[in-house]
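Along the sequence shown, residues are numbered consecutively beginning with 1.
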Amino acid sequence: MDILQQFIHYFPQALTASNLAVLVLGTIVGLVLGALPGLSPTMAVALLVPFTFVMEPSTGLTLLGSVYVCAMAGGAISAILINVPGAPANIATLFDGYPMSRQGKSQTALNMCFISSLIGGLAGMAAMIFFTPYLANIALKFGPSEMFWVAVVGVTCMAGLSTGSLVKGLFGGTFGLWLATIGFSPMLGEPRFIFSDVLAGGINMVAALIGLFALPQMLTLMEGIYDQKKFTEKLKPEKGILKQNILHVLKMRKTLSIGSIIGIIIGIIPGAGGQVAGLIAYDQTRRFSKDQTGFGKGDPRGVVAAETANKAMAGPSLIPLLTLSIPGSPTAAVLLGGLLIHGIFPGPELFQEHTDIVYIFMASLVLAQFSMTFFGILMARYSYSIMNLPKRFIIAGVIILSVFGSYSIQNNFNDIIICFGIGFVQYLFQKAGITGGPVVLGLILGSIAENNLSKAILICNGTGESYFQYFGTGPINITLILISVLSIAYSMYAGYRAANPKQNGGEGTLCESN
């Protein structure tokens with residue numbers, strides 16, 4: 001209770017006029033920057049670090065914290081409206097968010113997105129506030145072998161992200177794993193699959209995301225046969241649906257629980273990220289649902305699961321930073337710079353030496369969840385106007401944003417070429433029924449698995465420890481191996497059920513009261 005008492009004691013200091021003004025400013029800036037493809041939460045926070053030089057430490061951290069929280073939520077806006085994730089954490093959101101938008105339910109999708117973000121964000125913040133010392137000890141136990149098995153667990157979700165056959169899902173995931181190996185080896189420096197100088201720098205994640213999800217959709221629209229009526233038919237605002245959306249989300253107890261738990265677990269693992277949390281939560285929600293037919297076609301559970309998870313990981317992802325001075329993500333590394341600028345050095349003594357600043361920062365992150373939800377729902381009311389734009393304007397706008405987003409990450413023209421190349425290949429894949437979900441999962445997890453496998457092998461060679469002993473022992477390793485085996489077994493079983501529906505008595509329908 002001592003932690004709770006301290007939090008309550010310092011909470012009013014986060015409600016000062018200057019802190020609240022900065023909080024609102026950070027919320028709006030975060031939502032806008034997050035909605036722009038290519039401007040990730042890391043870039044959004046980095047852009048505002050110089051503005052904190054002249055601020056009080058607590059006020060400056062309030063600005064950075066609110067931008068961090070809201071930029072991730074802003075990425076869902078572009079994911080739902082134009083099928084382009086504003087940040088990697090919003091990849092899973094577009095699987096069902098964009099189909100809902102195409103059905104004239106963009107406001108509903110965004111409302112559910114921000115409502116579930118609030119619930120997941122508060123769950124993550126509660127974990128950060130009350131369990132920081134304990135979760136920090138758990139984070140320390142994740143070494144290269146554990147991180148390798150975390151990536152393997154993620155790889156087993158490939159089949160679940162495929163809306164078609166199991167084989168097509170695995171093919172798409174394998175293609176993504178291959179993309180992750182292009183470039184120079186991070187450990188040995190050897191060139192791999194560099195057919196052109198364009199590929200010398202490897203495949204940039206943001207450029208690949210835009211290519212996988214934005215360009216194939218635009219190419220499909222250019223065909224002129226993609227549901228032409230829905231582009232000529234004016235979509236109307238959905239009036240009086242907010243209360244209904246809130247009640248609908250609150251009834252999804254199973255989905256919210258899965259998203260929150262997975263988000264918190266993934267959040268304390270350094271380097272995993274919101275994209276892994278969202279994809280795994282989406283996959284697990286689908287697996288535990290009685291009726292899986294709606295996923296990928298506009299099922300609200302897909303939006304709620306993804307957004308709950310990637311917001312629940314935000315708080316726990318800062319635990320290694322605050323307690324151990326270990327930034328668990330690029331965004332956390334930028335926040336570390338913001339702390340150091342004000343003479344605040346994270347570590348075990350942080351909570352004793354700068355108690356007031358730490359708890360004001362935590363309080364501002366909690367307040368940012370409510371601010372994000374308010375302004376997000378306000379923006380959702382006018383989302384229908386974007387969907388009512390003429391088709392040619394949507395295509396031109398998305399392509400311009402794709403070029404801008406791909407180039408802005410590294411100021412490299414080669415990323416634009418990679419973006420359009422991957423986009424054309426994925427367009428052909430879609431014709432064959434291979435979706436972008438497994439591909440992007442393989443791309444994300446491929447580098448995580450390779451880097452940690454290489455580190456683990458070097459450790460084994462240096463210490464003389466056998467590979468089996470290093471990878472196959474320890475409670476975390478064994479648990480992750482069992483989860484991987486069970487996940488593969490379930491995928492095989494689900495594939496069998498899908499191929500033999502008559503032997504299963506058909507699929508039931510799920511009333512999402514969970």
Side-chain angles (χ1 to χ4, degrees), residues 40-42 45 64-66 68-73 75-76 87-93 116-143 146-147 149-151 153-154 157 255-285 304-336 346 358 361-362 364-366 368-369 372 444-445 448 452 476 479-480 483:
S40 64
T42 303
V45 174
L64 299 181
S66 58
Y68 167 57
V69 169
C70 298
M72 193 181 302
N90 307 111
I91 297 169
T93 306
S116 57
S117 293
L118 174 63
I119 296 172
L122 292 178
M125 294 305 160
M128 179 182 71
I129 293 169
F130 298 115
F131 304 107
T132 290
Y134 311 103
L135 295 179
N137 293 330
I138 296 175
L140 280 175
K141 296 180 180 179
F142 277 82
E146 288 80 8
M147 285 302 301
W149 287 117
V150 167
V153 171
C157 298
T255 302
L256 293 171
S257 300
I258 292 174
S260 298
I261 293 172
I262 290 178
I264 292 171
I265 293 174
I266 296 298
I268 65 175
I269 302 174
Q275 60 268 31
V276 177
L279 289 166
I280 293 180
Y282 181 91
D283 175 71
Q284 295 305 309
T285 299
V304 171
E307 287 302 309
T308 303
N310 64 38
K311 301 307 181 300
M313 61 77 56
S317 68
L318 298 178
I319 291 175
L321 168 66
L322 297 176
T323 59
L324 307 170
S325 296
I326 301 174
S329 65
T331 308
V334 176
L335 287 173
L336 174 61
V358 171
F361 176 56
M362 290 183 175
S364 69
L365 292 177
V366 173
Q369 306 295 331
M372 167 200 69
I444 293 171
L445 296 176
I448 296 177
N452 287 283
I476 297 179
T479 301
L480 292 172
I483 293 175

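Summarising the geometry, atom NZ belonging to Lys311 is positioned 12.5 Å from atom CD1 belonging to Ile119; distances are rounded to the nearest 0.5 Å. Interatomic distance, CG of Leu64 versus CZ of Phe361, reported as 7.5 Å (0.5 Å rounding). One distance of note links CG of Asp283 with CD1 of Ile262; it measures 8.0 Å at 0.5 Å rounding. Remark: Ile129 CD1 to Met362 CE distance equals 6.5 Å, nearest 0.5 Å.
No side-chain donor-acceptor contact under 3.5 Å links Asn452 to the backbone of Met147. In this structure, Ser317 contributes its side chain and Ala314 its backbone to a donor-acceptor pair below 3.5 Å. Of the possible donor and acceptor atoms, none in the side chain of Asn90 sits under 3.5 Å from a partner among the backbone N and O of Ala73. Put simply, the side chain of Gln369 never gets that close to the backbone of Val366: no donor and acceptor are under 3.5 Å apart.
With sequence neighbours left out, the side-chain hydrogen bond (donor to acceptor under 3.5 Å, both in side chains) criterion links Thr93 to Glu307.
The two residues Ala281 and Ala309 make their nearest non-hydrogen contact at CB-CB, 3.4 Å. Looking at every heavy atom in both residues, Gly315 comes nearest to Met128 through O-SD, 3.3 Å. For the residue pair Met372 and Cys70, the shortest heavy atom distance occurs at CB-SG, 3.6 Å. Residues Ser116 and Thr308 come closest through the heavy atom pair CB-OG1, 3.3 Å. For the residue pair Gly259 and Ala312, the shortest heavy atom distance occurs at O-CB, 4.2 Å. A pairwise comparison of heavy atoms in Gly278 and Ala92 identifies O-CB, 3.6 Å as the closest pair.
Residues Ile448 and Val150 are not in side-chain contact: their nearest non-hydrogen atoms beyond the backbone lie 4.5 Å or more apart. Side-chain contact between Leu365 and Leu318: present, with at least one pair of heavy atoms (C-beta onward) separated by less than 4.5 Å.
Here the options are Ile258, Ile264, Ile265, the test is side chain to side chain contact (heavy atoms under 4.5 Å, CB included), and the partner is Ile261; only Ile265 passes.
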